[in-house]
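Index from 1, following the sequence.
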Amino acid sequence: MLPNSGILMANPSMAKKRTPEAIAENLKDLLGEPEDNNAPICEICGRRHSRPRPVYRSDFPLVGTGGVPNYFPSAKDGLNVCSHCLFLVQFLPLVAYKVGGRVLVMHTYPHELMLELHGEAINDVRKSFLASNARDFKRPENFLFHLLGELTRKTERDELWGNASITLYHFVNNNQGQDLQIIHVPTPVLRFVAHAARYDRAGWRRIVAMGWRNRPSEEEFEKYERSYANEVYARLLAEESILPYFIDIKNRRANAKWSLLSFYCSEVLGLDKEALEFIKDVGDRIVETLEKLPDNQLSKRVRELERAERLYQFEAFFVNLEKLRQRLGIEKPLMTFDEFATVLTSYGEDLNVSWRTVKHLLLFRVYERLHDRLMKASEEAGEEVEENEEVEIFGMGVEE
C-alpha cells in the first residue's frame with residue numbers, strides 16, 4: 001500500500017532498522033516537522049504549509065514518483081501536502097481492507113458510521129498484525145452491502161442512515177502500477193438497504209439472488225456474495241431501477257413484503273405515496289376479478305399481463321379484464337375512465353416511473369395474493385412460465 005516508505009520502513013532492505021520504536025520516532029519527527037511559510041498551502045487541509053521535502057507515492061498513495069510524475073500539480077516535484085496530513089495518512093492501513101487484490105478504504109458521513117464500518121479492519125489488525133482480508137470478499141460493493149446489513153441489524157438505529165453517504169476507494173499502489181476505482185453510494189440507496197436488512201432480510205436476500213445469472217440456493221448464497229458481481233448491486237449504485245427484481249415471474253412469486261416495495265418506490269424511485277396506494281388498489285381489484293376464475297383460466301389471464309411488452313398490450317389486458325368482470329356479474333367497474341388514463345399515461349416513459357413500473361407493481365400484488373393458486377395451476381397444466389424479454393435483461397446478472 002505504501003511501497004518503499006521510508007517513514008514506515010516498508011522496504012525489506014530496511015528490516016534491520018525496522019522496530020516499533022524506530023517507526024514511532026519517524027512519526028513523531030514528521031508530526032513535529034517545522035513549517036516553511038514560503039511553501040505552498042497543503043492541498044488536503046488548506047490550513048498549513050506543505051512540507052519542503054518532496055512527497056512521492058511511497059509515502060502517499062496514488063501520487064507520482066520522481067521518475068514518473070503522474071500527479072504533481074503546479075509543476076512541483078511532489079505533492080503539496082503538510083506534515084500533519086502526511087502523518088495521518090500513515091495510519092490508513094489500519095482501516096483498510098484487502099479486497100480482490102486491491103486496497104479498499106471507505107469514507108462515510110457521519111463519522112460514527114465510518115468507525116462502525118472500519119471496526120472489523122481494526123480488530124483484524126489487532127488479532128493478526130495484518131490488514132483485514134474482508135472475509136475473502138472479491139468485490140468491494142458486495143462487501144459493503146454485506147457490512148451494511150450486519151451493521152443495521154446490530155445497531156437498530158434508523159437515524160444513522162438519515163443523511164448518510166458512503167464513498168468507496170478501491171485502489172492499487174504497488175510498484176507495478178497504480179489504479180483507482182471510486183464508488184459512490186447514493187443516500188437513498190443506503191436508506192433502502194438499511195431498511196431492507198432490518199425489516200425484510202429474507203425478502204432482500206431473494207431480491208439480491210435474482211441479480212446472479214445462476215440463482216444460488218440458500219446454502220450457496222454466501223459463496224456467490226463473496227465471489228461474483230451482482231446486477232442488483234450494480235443497478236443500485238448506478239441509480240437505475242431494480243423494480244423487476246421484486247418479482248419472480250418464473251415462480252410467480254413476490255420476492256419481498258409489500259412494505260419493502262413501498263419503501264423502495266417512495267425513497268429511491270421517488271414515486272408519490274398516493275400514487276402507490278392507487279396502484280395497489282387497482283391490483284386488489286384485479287385480484288378480485290381473477291380469483292373468481294378456475295385455475296386454468298386464472299393462469300392464462302395472468303400470462304397476458306406478464307407478456308405485455310408494448311403499451312397497447314398493457315391496455316388490452318385491462319379492456320379484456322373489464323369485459324370479464326361484466327361476464328362474471330361483478331357490479332362495480334374495474335376502473336373509471338380517469339383512473340384508466342392515469343394508469344396508462346400519467347407516469348410517462350421514464351424508466352423508473354412509467355407504465356412498465358405500474359405493470360411490475362401490479363404483478364407484485366397479484367403474485368403476493370394469488371401465488372399458491374398460480375403455482376398449482378401451472379403444475380396441473382404442466383406448463384413452465386417463461387420470463388418475458390424485459391425481465392431477462394434485468395435479471396441476467398454477471399459472474400466474474
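One finds a salt bridge joining Arg365 and Glu368 here, because a Lys/Arg side-chain nitrogen approaches an Asp/Glu carboxylate oxygen to under 4.0 Å.
Counting only N and O atoms by type, the side chains of Asp136 and Asn133 include a donor and acceptor under 3.5 Å apart. Between the side chains of Asp338 and Thr336, not a single donor N or O lies within less than 3.5 Å of an accepting N or O. For the residue pair His84/Arg47, the side-chain donor-acceptor check at 3.5 Å is not satisfied. A donor-acceptor pair shorter than 3.5 Å cannot be found between the side chains of Arg198 and Thr152.
Ring planes of Trp212 and Tyr224: perpendicular class, angle over 60° (limits at 30 and 60°).
For His195, there are no side-chain hydrogen bond (donor to acceptor under 3.5 Å, both in side chains) partners at least two apart in sequence or on another chain. When the side-chain contact (heavy atoms from CB on, under 4.5 Å) test is applied to Arg206, the partners found at least two apart in sequence or on another chain are Ala202, Arg253, Asn255. Scored by the side-chain hydrogen bond (donor to acceptor under 3.5 Å, both in side chains) test, Asp124 finds Ser132 as partners (sequence neighbours excluded). Evaluation of the side-chain hydrogen bond (donor to acceptor under 3.5 Å, both in side chains) rule for Gln176 yields no partner, not counting sequence neighbours. Applying the side-chain contact (heavy atoms from CB on, under 4.5 Å) criterion to Ile41, with sequence neighbours excluded, gives His49.
Note on residues 97-135: pairs passing ring pair (Phe, Tyr, Trp, His ring centres under 6.0 Å), not counting sequence neighbours, are Tyr97-Phe143.
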Residue pair Arg215, Asp248: steps toward the salt bridge (charged side-chain N to carboxylate O under 4.0 Å, His left out) verdict: CA-CA 11 Å; Arg215 295 177 200 169; Asp248 181 350; 3.3 Å; yes

Worked check of salt bridge (charged side-chain N to carboxylate O under 4.0 Å, His left out) between Lys359 and Glu309: CA-CA 10 Å; Lys359 169 189 165 180; Glu309 290 302 315; 3.4 Å; yes

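Checked against Arg369 for a side chain to side chain contact (heavy atoms under 4.5 Å, CB included), the options Asp284, Leu374, Leu290 give a single hit: Asp284.
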